[in-house]
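These notes concern the structure reproduced below.
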Amino acid sequence: MAIRQALLMVGAALVGWQAATAAAAPATYTIDPSHTKVYWETRHFGTSTHRGRFDSVEGHIQFDRDSGRGEVSISIATASVSSGVPALDTVLRGSSFLASDAHPSAYFVSHGLRVEGGHAQELRGEFTLRGISRPLSLQATNFACRQDAQLQREVCGGDFEAEILRSDYGSTFGLPFVGDKVRLLIAVEGIRQ
Amino acid sequence: MNKPTLLTLALLAAVASSARAEGTTYQIDPTHTFVTFEASHFNTSTLRGRFDKKDGSVVIDRQAKSGKAEITIDATSIDTGVGPLDGHLKSKDFFNAAESPSVKFVGDQFSFDGDKVAAVSGQLTMLGKTLPVTLKANRFNCYNNPLLKREVCGGDFETTIARSQWGMNYGLNFGLPDNIRLLIQVEAVKQ
């Protein structure tokens with residue numbers, strides 16, 4: 001009896017432990033490439049704002065709804081830069097700007113995703129561009145999770161932004177006529193796996 | 001003798017004033033002129049798209065504080081970076097680009113803050129409908145471009161339109177937004 005009781009207790013404890021682990025395990029969200037883009041903005045001759053984007057972005061979000069904590073990692077194919085001016089895109093891929101041959105990817109990695117009351121807080125991480133890694137903090141301007149009617153899955157995502165100095169990453173060509181400050185706007189949506 | 005002189009003076013004055021009213025013409029630089037739209041995607045992330053083909057000119061008269069802008073956008077050149085979405089946006093659900101390929105803005109009321117353009121009001125024609133819009137300047141500047149060796153004027157303008165006013169209603173019933181923010185980068189080269 002005593003052994004049987006003990007086994008039952010162990011069994012119950014194991015079941016309980018498994019349930020607790022399942023509840024606490026962060027869900028993984030794979031990036032939806034059709035709703036994930038990195039947009040950039042920089043000033044041209046102090047006059048107008050030139051905009052472009054990177055079309056090829058991959059990555060994942062891990063997010064634990066209970067604790068509101070998670071991590072984000074994205075990889076940007078630098079050759080996928082698109083400004084709407086093909087000749088400019090060629091220049092941007094060159095060694096003066098993105099150096100896409102030597103550095104085909106740029107990365108943003110953060111273990112500091114924190115969501116409170118449906119609002120994502122500052123996202124601290126590291127941004128790597130042209131092989132140079134520096135700390136970068138993204139500010140969330142939107143964050144939400146929804147049950148997507150078409151995908152029949154939960155989708156979480158939002159808008160994040162940050163400002164970098166491209167000279168910090170070794171790109172100084174065209175200064176000051178082409179701005180040093182580059183505003184990054186990251187629209188990201190992840191589909192729950 | 002007096003009469004022809006006066007008439008000549010009057011004619012000269014008329015010619016001078018009409019010349020002044022014509023102002024300076026600037027041709028749109030298509031590599032630094034883009035209309036970017038922003039649409040919220042189910043209140044989660046913000047989708048941006050742009051139009052890659054556009055044409056137009058701007059006349060500015062700084063003395064008279066007036067101007068005229070005409071910009072035509074090719075709706076078939078819509079570019080979000082997502083091919084299937086571009087196809088849907090060009091379809092009858094949105095721009096109906098096959099039948100209504102051009103979107104046109106004619107701005108004829110310029111307001112100035114000092115010698116800088118502060119806002120441009122005019123008419124936006126899309127899907128065969130013409131309605132008033134006002135573009136607010138977030139910044140405006142003129143500079144001498146060392147590559148072109150010409151004066152270039154331009155800046156950043158923005159407005160928010162309700163697309164349903166032009167009859168573009170797709171998705172309003174399942175949560176796609178009516179209000180679309182337009183961010184307009186413009187630079188134009190002195191002719």
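Letters A, B, ... mirror the listed sequences (proteins, then strands); counts begin at 1. Quick caveat: nothing in here was measured; it's all calculated off a predicted structure.
Between Thr49(A) atom OG1 and Ile184(B) atom CD1 the span is 12.0 Å, to the nearest 0.5 Å. Atom-to-atom distance recorded for His44(A):NE2 and Asp29(B):CG is 7.5 Å, nearest 0.5 angstrom. Interatomic distance, CD of Glu187(B) versus OG of Ser48(A), reported as 3.5 Å (0.5 Å rounding).
At a 4.5 Å heavy-atom cutoff, the contact between Ser83(A) and chain B is made by backbone atoms alone. Interface residue Phe42(B): backbone and side-chain heavy atoms are both found under 4.5 Å from chain A. For a residue to count as touching a neighbouring chain, one of its non-hydrogen atoms must lie under 4.5 Å from one of that chain's; by this rule Leu185(A) touches chain B with the side chain only.
Closest non-hydrogen pair, Thr47(A) versus Arg139(B), comes out as O-CD, 3.2 Å. When all heavy atoms of Thr31(B) and His50(A) are compared, the pair lying nearest together is O-CE1, 3.1 Å. Gly84(A) approaches Arg50(B) most closely through the heavy-atom pair N-NH2, 3.0 Å. Nearest heavy atoms, Val85(A) versus Phe34(B): CG2-CZ, 3.8 Å.
In terms of non-hydrogen atom pairs under 4.5 Å with chain A, the most contact-rich of Asn145(B), Asn141(B), Thr33(B) is Asn141(B). If you tally non-hydrogen atom pairs under 4.5 Å between each of Leu183(B), Asn43(B), Val186(B), Asn138(B) and chain A, the highest count goes to Leu183(B). Of the listed residues (Thr36(B), Asp52(B), Thr80(B)), the one with the most heavy-atom contacts under 4.5 Å to chain A is Thr80(B).
Within 6.0 Å of the NZ atom in Lys65(B), the count of heavy atoms belonging to other residues, nucleotides or ligands exceeds 12. Atom NZ of Lys68(B) is surrounded by 12 or fewer heavy atoms from other residues, nucleotides or ligands within 6.0 Å. Summarising the local packing, CG of Asn173(B) is surrounded by more than 12 heavy atoms from other residues, nucleotides or ligands at distances under 6.0 Å. Remark: Gln121(A) CD is packed, more than 12 non-hydrogen atoms of other residues, nucleotides or ligands lying under 6.0 Å away. The neighbour count for Lys104(B) NZ, taken as heavy atoms of other residues, nucleotides or ligands under 6.0 Å away, does not exceed 12.
A chain of hydrophobic side-chain contacts below 4.5 Å, direct or via other Ile, Leu, Val, Met, Phe, Trp or Tyr residues, connects Trp166(B) to Tyr170(B). Both Ile28(B) and Phe157(B) are part of a single hydrophobic cluster, where members link through side-chain heavy atoms under 4.5 Å apart. By the criterion of side-chain heavy atoms lying less than 4.5 angstrom apart, applied directly or through intervening Ile, Leu, Val, Met, Phe, Trp or Tyr residues, Leu113(A) is not grouped with Tyr107(A); the two fall into different hydrophobic clusters. Cluster annotation: Val178(A) is not connected to Tyr169(A) through the hydrophobic network of ILVMFWY side chains, with a link wherever side-chain heavy atoms come within less than 4.5 Å. Transitive grouping of hydrophobic side chains (ILVMFWY, heavy atoms separated by less than 4.5 Å) keeps Ile186(A) and Val82(B) in distinct clusters.
In this structure, Leu148(B) belongs to a hydrophobic cluster whose other members, linked by side-chain heavy atoms under 4.5 Å apart, are Phe45(A), Phe177(A), Tyr143(B), Val152(B), Val189(B).
Taking the six-membered ring for Trp and thresholds of 30 and 60 degrees, His35(A) and His41(B) have nearly parallel ring planes, at less than 30 degrees apart.
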Verdict with reasoning, Arg48(B) to Arg53(A), per side chain to side chain contact (heavy atoms under 4.5 Å, CB included): CA-CA 9 Å; Arg48(B) 282 185 165 196; Arg53(A) 60 171 192 251; over 6 Å; no
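Contacts of residues 125-149 of chain A with chain B at a heavy-atom distance below 4.5 Å involve Asn142(A), Ala144(A), Arg146(A), listed in sequence order.
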